[in-house]
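Here the structure is laid out as structure tokens; the discussion comes afterwards.
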Amino acid sequence: MFDYVIVGGGSAGSVLAGRLSEDPSISVCLLEAGGPDTSALIHAPLGFAMAVPLGMFRWGYNTVPQKGLGGRKGFQPRGKVMGGSSSINAMVYTRGNRRDYDNWAALGNPGWAYKDVLPLFRRAENNECFGSTDYRGTGGPLNVAYLRSPSAINEAFIRACEQAGVPRNPDYNGERQFGVSPSQVTQKNGERFSAAKAYVTPHLNRKNLTVITRAHTNRLLFDGKRVVGVEYQHQGTARQLAARCEVLLCAGTFASPQILMLSGIGPATELRKHGISVMHELPGVGQNLHDHVTTVLIHRTSRTDATLGVSLRGGWALLKSLFEWRTKRTGWLTSNVAETQGFMSTEGNPDHPDIQLALCTAIVDDHNRKQHLGHGFSLHVTLMRPKSRGSVTLKSAKPSDEAIIDIGFLNDPHDLQTLIKGTEMAYDILQSSALTPFRGKLIHQLARDDPAQIAKYLRKHSDTEYHPVGTCKMGPDTDPMAVVDASLRVHGLQGLRVVDASVMPQVVTGNTNAPTMMIAEKAADMIRQRHPHADTPMAA
């Protein structure tokens, strides 16, 4: 028996485990379905570009065929390892826009406005880029830095954006988001700095913290309307853990609603269809699924010195970089590939951009699953505030069966039209004179002035930017689709909170890893305030 049982050792679960176990009077058990994060393919930043396409350290989720993608299935990899997706992502540290959080509060979630969450972002980070400012923090567990060995193409791309009217911005996580900047990344000393490395690894010797890996959670355990523990599968055996205070569900946007439904919490019709007894009806479980849809424009280049690629010279460069990383922690292996970030508006609204750009220093086609000979660079063009919605439902009552994911990409006409405009703007940036020394032919041809052809291109070449959210939506009990309240407690139940990206009522303007960790920081505060003997102040 533990005070708190945390299901999922990803970005949110790692934060909760580290923060709650700061108080020696609180006992914490963290369950992670994947293994430990010991591989060099995790700690060498570029390793993710090899590991994810090969199926390592991840759940290989796919969506059902998507009408908006011309009947294609979408790819939805999520981390299955300590650190979760923070151990396999591109390490981009992006908080989102202040209006995102003000809107969360306006939807009936007090305490989630930008003024409320900014101190949590600042407390969590140790920012090497700017030091301590009104917007940035130092001394926190999560290290944020610039890339050690950025490519020369980044500065050319920033100048190209300036030529197209998108200004250089010193800090997209600061006072203003609009503009283009070098990527800020969760790295330290040339290595990935995941949530696990920041919040769990330094504290594995704490006597009040137990971490169990390769532990697949089957269901929650009840005493009436109170959740009192979990059942999980470990080494071929079903085991149980009891929670004195709370179970904290941090399994992610796909697995958290699945575990709830397998436990009898969710839409009654969906549960009965699979022979699951309804413990507590909540129609919103698994609903409100949405994600950033992105398309990619790929140019070939003759600049093999500035890009990664499949060539003799590129292979030799990687071999040299391996030695350089082992001895100096510099070189290509420190790249996150997505080396420059930009935020722009199709509506001329610099206060709340609706398109994110990510310049990648390689040919990245179909999640790097389609390989091309030669070198190139890719520009991800991502829709920030999609109106399309999908769902997560059950395939069966078996915990080993993956859930059914219908992401709903481009189902809403507004999403398609906005992404068409964003693609036109991105195309113009790529044609700017600053990129002339780097720019070769487009791998997938695009007719800049033909919206109908662009729409076809988007349906053929778009997919996830790896930011699914919303399936356990945060909101007041007057919202029939809300699953948790502003304290992240599941409506109508005791002893259970959901703490991960699934609680976001609307996706933020940017990458979701930093906001997910912020959500867990806030949850840790709320839990500690309610814990009967918690009197140890939160660490910096």
Side-chain angles (χ1 to χ4, degrees), residues 8-15 17-18 32 34-59 77-95 124-129 140-151 173 182-204 211 213 252 308 318 321-322 324-341 358 360-362 364 367-368 466-467 511-517 520:
S11 296
S14 293
V15 173
E32 166 54 39
D37 56 335
T38 53
S39 173
L41 290 176
I42 292 175
H43 299 302
L46 189 61
F48 81 101
M50 183 186 307
V52 174
L54 292 177
M56 302 172 70
F57 318 122
R58 66 166 172 84
W59 301 95
R78 310 306 299 160
K80 186 182 181 182
V81 65
M82 275 302 303
S85 294
S86 75
S87 289
I88 66 167
N89 66 2
M91 295 156 281
V92 177
Y93 181 84
T94 306
R95 294 174 175 177
E125 76 170 342
N126 181 55
N127 182 266
E128 294 183 1
C129 307
L142 183 67
N143 207 71
V144 179
Y146 285 129
L147 293 169
R148 283 191 155 192
S149 303
S151 166
N173 290 312
S183 291
Q184 299 168 33
V185 293
T186 48
Q187 293 186 13
K188 185 175 183 179
N189 299 329
E191 295 186 8
R192 176 187 292 274
F193 212 70
S194 69
K197 204 166 185 178
Y199 286 88
V200 177
T201 304
H203 311 303
L204 289 173
V211 178
T213 57
L308 293 159
L318 278 178
S321 184
L322 177 61
E324 183 179 350
W325 185 75
R326 287 175 62 89
T327 57
K328 301 179 182 178
R329 290 300 195 259
T330 58
W332 271 119
L333 260 66
T334 64
S335 176
N336 74 327
V337 182
E339 295 193 5
T340 306
Q341 303 296 313
C360 298
T361 54
V364 183
H367 311 276
N368 204 32
Y466 316 110
H467 303 151
N511 307 63
T512 51
N513 188 51
T516 298
M517 296 174 77

Please step through side chain to side chain contact (heavy atoms under 4.5 Å, CB included) for the pair Thr94 and Gln184, ending with a clear verdict.
CA-CA 8 Å; Thr94 306; Gln184 299 168 33; over 6 Å; no
I would like to know whether Arg95 and Glu125 meet salt bridge (Lys or Arg N to Asp or Glu O under 4.0 Å); could you show each step before the answer?
CA-CA 11 Å; Arg95 294 174 175 177; Glu125 76 170 342; 2.7 Å; yes
Checking Val15 against Thr516 for the side chain to side chain contact (heavy atoms under 4.5 Å, CB included) test, could you report, in this order, the C-alpha distance in whole Å, the side-chain angles of both residues, the deciding distance, and whether it holds?
CA-CA 9 Å; Val15 173; Thr516 298; over 6 Å; no
Yes or no on side chain to side chain contact (heavy atoms under 4.5 Å, CB included) for Leu147 and Thr334, after CA distance, side-chain angles and deciding distance?
CA-CA 7 Å; Leu147 293 169; Thr334 64; 5.6 Å; no
Steps toward side chain to side chain contact (heavy atoms under 4.5 Å, CB included) verdict (Met50, Asn368)
CA-CA 9 Å; Met50 183 186 307; Asn368 204 32; over 6 Å; no
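Counting all heavy atoms, side chain and backbone alike, Val81 lies closest to Pro36 at CG2-O, 3.6 Å. Here the closest non-hydrogen pair linking Gly79 and Trp59 is O-CD1, 3.4 Å. Minimum interatomic distance between Asn143 and Phe193 (heavy atoms only, all atoms of both residues): N-CD2, 3.4 Å. The shortest non-hydrogen separation linking Ser87 to Asp37 is OG-CB, 4.4 Å. The two residues Val52 and Arg58 have their closest heavy-atom pair at O-NE, 2.7 Å. Here the closest heavy-atom approach between residue Asn189 and residue Arg148 is recorded as CA-NH2, 3.4 Å.
Side chain of Arg192 to backbone of Met91: no donor-acceptor contact under 3.5 angstrom is found. A donor-acceptor distance shorter than 3.5 angstrom exists from the side chain of Trp325 to the backbone of Gly190, with no hydrogens or angles considered. When atom types are taken as modelled, the side chain of Ser149 and the backbone of Gly331 share a donor-acceptor pair closer than 3.5 angstrom. Although no hydrogens or angles enter the test, the distance criterion places no donor-acceptor pair under 3.5 Å between the side chain of Thr361 and the main chain of Ser151. In this structure a side-chain-to-backbone donor-acceptor pair under 3.5 Å is present from Thr201 to Ala196.
The CG atom of Leu46 lies 8.5 Å from the CH2 atom of Trp332; values are rounded to the nearest 0.5 Å. A distance of 9.0 Å separates CG of Asn89 from OG of Ser194, quoted to the nearest 0.5 Å.
In this structure the side chain of Ile42 reaches within 4.5 angstrom of the side chain of Phe57, judged on heavy atoms. By the 4.5 Å heavy-atom criterion applied to side chains, Lys197 and Lys188 are not counted as neighbours. Looking only at side-chain heavy atoms (C-beta outward), Asn336 and Pro45 stay at 4.5 Å or farther from each other.
Residues Asn513 and Ser11 bring a donor and an acceptor atom of their side chains to less than 3.5 Å of each other. No donor-acceptor contact under 3.5 angstrom links the side chains of Ser183 and Glu339, judged on distance only.
Considering only residues two or more places apart in sequence or on other chains, Pro182 meets the side-chain contact (heavy atoms from CB on, under 4.5 Å) condition with Tyr146, Ile158.
The side-chain contact (heavy atoms from CB on, under 4.5 Å) test with Tyr93 is passed by exactly one of Asn511, Val185, Thr186: Thr186. Of the listed residues (Met517, Met82, Glu32), just one forms a side-chain contact (heavy atoms from CB on, under 4.5 Å) with Ser14, and that residue is Met82.
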